[in-house]
Amino acid sequence: KAYAPLLDESTLRSDIVEDIDILVVRELTGGIYFGQPRFTEQVNGEERAVDTMEYRTSEIERITRVAFEAASRRRNKVTSVDKANILATSRLWRKTVSEVAADYIELEVEHMLVDNCAMQLVRYPRQFDVILTSNMFGDILSDEAAMLTGSLGLLPSASLGDGTAMYEPVHGSAPDIAGQDLANPLAAIASVALMFRYSFNLEQAAGTIEQAIKEVLRSGVRTKDLHADGKLLVGTAEMGERIVEKLQISTVNKD
């Protein structure tokens, strides 16, 4: 999401990133990162390396249904991203996504080549609602999409499966600044909102947390990664305290 008070933090013009709200649904357990065989060998005096891109119908169907269910709770649009003009795995991906789409007639489902998607994210990002894609393409596109907002420190993520889900900032940990009261906690806090939304089905709680983040940013409070002239620079702890204060006010108002 692009927060209105931070539009100037993006490297793109504010009118390009205004109102973007993109969910990237990335397959996490298959594709070229886990395919076999994978090896490096010596051939005719030089090294040769091999990685294998592999997907099965069941893997694609599983992640497609996750994306479609998410889109049904949002703006009912899914952009499935592949490289079907070149890769056999992408042709299977596109075929499987199209077959699953028959069960979700209320959704608008489109297919887009990954190189075009990378361009469109910069040209006109508001066209996207849910982006569905494979492990490697999602790894790349999610980081590109993240920078539309101005900072990786703003973005939450959820790793969903058939059992326990894991929620964390999209950037992972920041061990280089651990214990220095410098890290931006907003992505971790927003990850709690995702937990309420996707694990507990508590949309109101999720929305309350996200609204608190917006209000604190609107008040001009910033951590170091987002600081600008005229804004109040705070550390990790104080930013968290400011969010808690907004949540407490929201709770009192509801009561």
Side-chain angles (χ1 to χ4, degrees), residues 22-41 43 47-121 127-146 155-168 170-172 191 194-195 197-199 201:
I22 303 170
L23 179 68
V24 180
V25 179
R26 167 191 171 192
E27 200 285 319
L28 285 177
T29 61
I32 199 168
Y33 292 172
F34 297 96
Q36 295 294 336
R38 55 189 306 161
F39 59 86
T40 302
E41 63 180 0
V43 178
E47 285 190 301
R48 171 178 178 261
V50 172
D51 292 291
T52 301
M53 180 84 159
E54 178 184 2
Y55 269 111
R56 299 173 185 269
T57 302
S58 57
E59 294 175 296
I60 302 168
E61 180 176 348
R62 179 184 62 197
I63 194 66
T64 298
R65 292 192 182 278
V66 170
F68 285 6
E69 290 295 330
S72 297
R73 301 166 63 171
R74 290 169 52 91
R75 301 191 303 278
N76 292 319
K77 181 180 179 182
V78 176
T79 303
S80 178
V81 176
D82 57 42
K83 192 63 176 172
N85 59 334
I86 300 292
L87 300 176
T89 49
S90 281
R91 287 191 284 274
L92 177 61
W93 184 281
R94 185 171 292 206
K95 175 177 178 287
T96 304
V97 170
S98 297
E99 290 172 349
V100 176
D103 295 335
Y104 295 83
I105 58 174
E106 74 280 7
L107 299 183
E108 176 188 352
V109 180
E110 65 177 0
H111 301 276
M112 187 177 290
L113 296 177
V114 63
D115 43 347
N116 185 31
C117 182
M119 179 185 71
Q120 295 295 334
L121 276 169
Q127 69 182 282
F128 296 108
D129 178 17
V130 174
I131 294 176
L132 163 66
T133 194
S134 61
N135 205 340
M136 182 171 66
F137 295 159
D139 193 358
I140 297 166
L141 293 175
S142 60
D143 274 20
E144 182 191 8
L155 301 183
S157 74
S159 298
L160 306 176
D162 295 330
T164 303
M166 182 177 72
Y167 298 87
E168 61 178 341
V170 74
H171 54 73
S191 294
L194 292 189
M195 179 181 67
R197 177 171 292 123
Y198 291 108
S199 284
N201 199 30

Would you say the side chain of Phe34 lies within less than 4.5 Å of the side chain of Glu54, judging by non-hydrogen atoms?
no

I'd like to check the side-chain hydrogen bond (donor to acceptor under 3.5 Å, both in side chains) partners of Glu108; sequence neighbours left out, ordered by chain and number.
none

Positive for side chain to side chain contact (heavy atoms under 4.5 Å, CB included) with Met119, one of Asp115, Asn116, Leu121
Asn116

We want to know whether Arg26 and Ser157 form a side-chain donor-acceptor pair, criterion being a heavy-atom distance below 3.5 angstrom.
no

Within the 3.5 Å criterion, strictly below it, is a donor on Thr29 or Glu27 matched to an acceptor on the partner's side chain?
yes

Does any donor atom in the side chain of Thr79 or Glu110 lie under 3.5 Å from an acceptor atom in the other side chain?
yes

I'd like to check Tyr198 versus Glu69 (side-chain heavy atoms, cut-off strictly below 4.5 Å). Are they in contact?
no

Kindly say whether Gly35 contributes a backbone atom to a donor-acceptor pair with the side chain of Thr52 at under 3.5 angstrom?
no

Should Leu107 and Phe68 count as side-chain neighbours, where that means a heavy-atom distance under 4.5 Å?
yes

Which is it for Glu99 and Lys95 under the salt bridge (charged side-chain N to carboxylate O under 4.0 Å, His left out) test, yes or no, and what are the steps along the way?
CA-CA 6 Å; Glu99 290 172 349; Lys95 175 177 178 287; 3.0 Å; yes

Thr89 vs Ser134 side-chain heavy atoms within contact, under 4.5 Å:
no

Paired with Arg94, the side chain to side chain contact (heavy atoms under 4.5 Å, CB included) test is passed by just one of Val81, Asp82, Asn85, Ile60, namely Asp82

For Asn135 versus Gly30, what's the shortest heavy-atom pair and its separation?
ND2-O, 3.1 Å

Identify the heavy atoms of Leu160 and Ala165 that sit nearest to each other, and give their distance.
CD2-CB, 3.7 Å

Output, in order, the C-alpha distance, side-chain angles, deciding distance and verdict of side chain to side chain contact (heavy atoms under 4.5 Å, CB included) for Asn76 and Asp129.
CA-CA 8 Å; Asn76 292 319; Asp129 178 17; 5.7 Å; no

Within a strict 4.5 Å, meaning less than it, do heavy atoms of the Val114 and Thr133 side chains meet?
no

Is there a side-chain contact between Pro156 and Tyr167 in this structure, where contact means two heavy atoms from C-beta onward sitting under 4.5 Å apart?
no

Checking side-chain polar atoms at under 3.5 Å, does Thr96 have a donor or acceptor matched by the opposite partner on Tyr55?
no

What is the minimum heavy-atom distance between Arg197 and Arg73, and which atoms define it?
O-NH2, 2.8 Å

If you look at every heavy atom in Gln120 and Phe128, which pair is closest and at what distance?
CB-CZ, 3.7 Å

Considering non-hydrogen atoms only, spot the tightest contact between Ala118 and Glu144 and give its length.
O-OE2, 2.6 Å

Does the side chain of Leu132 come within less than 4.5 Å of Thr64's, by heavy atoms?
yes

